[in-house]
2 protein chains.
Amino acid sequence: MSTPGRGLHGRVLDSLGPAITAGEYPPGSVLRTDELAQHFAVSRSVMREAVRVLESMHLVESRRRVGVTVRPKAAWNLYDPQVIRWRLAGADRPHQLRSLTVLRSAIEPVAAGLAAKHATAEQCAELTECALGMVANSRGHKLEGYLVHDMAFHRVILVASGNEMFARLGDVVAEVLAGRTHHEVMFEDPDPAAVTLHVQVAEAVREGDAARAEQLTREITVGALQELDILAP
Amino acid sequence: MSTPGRGLHGRVLDSLGPAITAGEYPPGSVLRTDELAQHFAVSRSVMREAVRVLESMHLVESRRRVGVTVRPKAAWNLYDPQVIRWRLAGADRPHQLRSLTVLRSAIEPVAAGLAAKHATAEQCAELTECALGMVANSRGHKLEGYLVHDMAFHRVILVASGNEMFARLGDVVAEVLAGRTHHEVMFEDPDPAAVTLHVQVAEAVREGDAARAEQLTREITVGALQELDILAP
DNA sequence: GTGACATATAAGTCTGACTTTTTGGGTCTG
DNA sequence: CAGACCCAAAAAGTCAGACTTATATGTCAC
């Protein structure tokens, strides 16, 4: 997927990051740079670079005379794509997927409303193309093809919103959608109602109908919440 | 505010980070580790650690035989609190503040709705206390006191939502609120209507009325958008 | 008990030598 | 002239070792 093993320090991170985010080292645990370097069979300089990165993600804190202490989850940079990936690969994947789906349900409707106002002709075309791709793959065990167009659809919406913060969530949404298809309960074929909603959102955006685009997208996200039994009855 | 100068590499970052996020080095610019180390009068190891951190924020990419190239803004980790702070300190502060306010307008109403369902008795008490604090500081040039309670109020809402992703936006919202008070147009005293809305949100959350909490918070964020002339007329 | 002081510890820093990857160019060949 | 191929330079990457600095903690006098 991303960039595995871009140097020695990267491989150390691929090992330490998931371990920490999985709670293998409980908050307050103290690690020593030297010991870690030995354990991973790398030099201290490499180990230090890895620790610096973990520190920039607020996963750990390095203090003199103390060592490298693991910080509580409340301090972690949960929006760091790397951290998201590590956590999605770990044990609390379901919990993580729920949090992100709720986040989606807040963001995407607003983004769709903005997209209806700001989308370029080109983006509208892309959107329609994605929706058609979803329709074409909505029947007959074509989950992978469906997923590709679904991810592209939502990414275009987020980018077309014109808000840089929304646009940056494209990767997160893609992860959630992929996670749902690959690891969670996903019925043989997608819900036809959901497919229709996507087509209608593309329409609404094309016509510049912000309120309708927002409302329709809200229905999509409500469906996503229901799939995970998040909505209270 | 945060942690200034936690070591040499930190001071290098405090200098390089703002420069890059300000666009001082346009995307594609190539930096050399050795030259940078000389320029900042630090050793290569320190410089390398700084570069690693910038790399983890996707601000730059380090490749052999090429150097450290600045990545386009679309790749940046815009949710990294450090990046947010750097950008808020730079030239495009107004633009940044707008993006974040739109983000707030999407998140906070949903968070308030969830808070109405999940808030503990203690959190309800905190919320009421914050609202009262806002009322007490709403008249007579007590902007600083008002700001403190305003920041606390929104932080409690985000945490009480029970969603970890929302909770992590507490710092961002605080930055936005502080920015509005300190650098942007802020009238002598806060809008009385906004103060009332906060009190009502606290009420709604206490009573577990999710729909009302969400709607009232939406009105608050609409006000914030209007202050920045974001809403189309 | 309290405060000043000594000490051990682990991170922080610097330096210099060496390795590895990559790219751009130059050369050879068809 | 085009394409394949090889070489050398360049820059990041890695390592080892010596030294510096901050600081938690224990000790001792008062």
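Naming: A, B, ... by sequence-line order, numbering from 1 per chain. No hydrogens, no waters, no symmetry mates; every other heavy atom, side chains included, goes into these values.
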Visitor: Starting at NE2 of B:His9 and ending at P of C:dG12, how long is that distance when rounded to a whole Å?
Guide: 8 Å

Visitor: So, OP1 or OP2 of D:dT14: does either fall under 4.0 Å of a side-chain N or O from B:Arg44?
Guide: no

Visitor: Between D:dG13 and B:Arg52, is there an OP1 or OP2 to side-chain N/O distance shorter than 4.0 Å?
Guide: yes

Visitor: Atom CG of B:Asp34 and atom C1' of C:dC14: how far apart are they, to the nearest Å?
Guide: 14 Å

Visitor: Can you sort out the partners of B:His154 under ring-ring contact (aromatic ring centres under 6.0 Å, His included), two or more places apart, ordered by chain and number?
Guide: B:His198

Visitor: From the list C:dA11, D:dC15, D:dA12, which nucleotide is the closest neighbour of the side chain of A:Leu8?
Guide: D:dC15

Visitor: What integer distance in Å separates B:Glu49:CD from C:dC14:P?
Guide: 10 Å

Visitor: Classify the side chain of A:Arg65 versus the base of D:dA24 as yes if they form a donor-acceptor pair under 3.5 Å and no if they do not.
Guide: yes

Visitor: Rounded to whole Å, how long is the line connecting atom CG of B:Leu13 with atom P of C:dG12?
Guide: 13 Å

Visitor: For a quick test of reading the model: is some side-chain N or O of A:Thr33 closer than 4.0 Å to OP1 or OP2 of C:dA11?
Guide: yes

Visitor: So that I can tick it off, tell me whether A:Arg6 and B:Glu55 are bridged by a salt bridge, with the cut-off set at under 4.0 angstrom between side-chain N and carboxylate O.
Guide: no

Visitor: Got a donor-acceptor contact below 3.5 angstrom from the A:Arg48 side chain to the A:Thr33 backbone?
Guide: no

Visitor: May I ask you to verify if any side-chain N or O of B:Ser45 is less than 4.0 angstrom from the OP1 or OP2 atom of C:dG12?
Guide: no

Visitor: What nucleotide, of C:dA11, D:dA24, D:dA12, holds the atom closest to the side chain of B:Val68?
Guide: D:dA12

Visitor: First locate atom CE of A:Met57, then atom OG of B:Ser56, and finally report the distance between them rounded to the nearest 0.5 Å.
Guide: 5.0 Å

Visitor: Under 4.0 Å from OP1 or OP2 of D:dG13: is there any side-chain N or O of B:Arg48 that close?
Guide: yes

Visitor: Just how far, in rounded Å, is P of C:dA10 from CE of A:Met47?
Guide: 16 Å

Visitor: Record whether the side chain of A:Arg64 comes under 3.5 Å of the base of D:dT21 through a donor-acceptor pair of N or O atoms.
Guide: yes

Visitor: Is the count of non-hydrogen atoms from other residues, nucleotides or ligands lying under 6.0 Å from B:Glu61 atom CD greater than 12?
Guide: yes

Visitor: Side-chain N or O of B:Arg32 less than 4.0 angstrom from OP1 or OP2 on D:dA11?
Guide: yes

Visitor: Rounded to whole Å, please give me the gap between CD in B:Glu61 and C1' in C:dT21.
Guide: 15 Å

Visitor: Find which nucleotide of DNA chain D each of A:Val66 and A:Val42 is nearest to by heavy atoms, and output the residue with the more 5' nucleotide.
Guide: A:Val42

Visitor: Rounded off to whole Å, could you give me the CZ-to-C1' distance for the A:Arg63 and D:dA24 pair?
Guide: 9 Å

Visitor: How many whole angstroms separate atom CG of A:Leu31 from atom P of C:dA10?
Guide: 13 Å

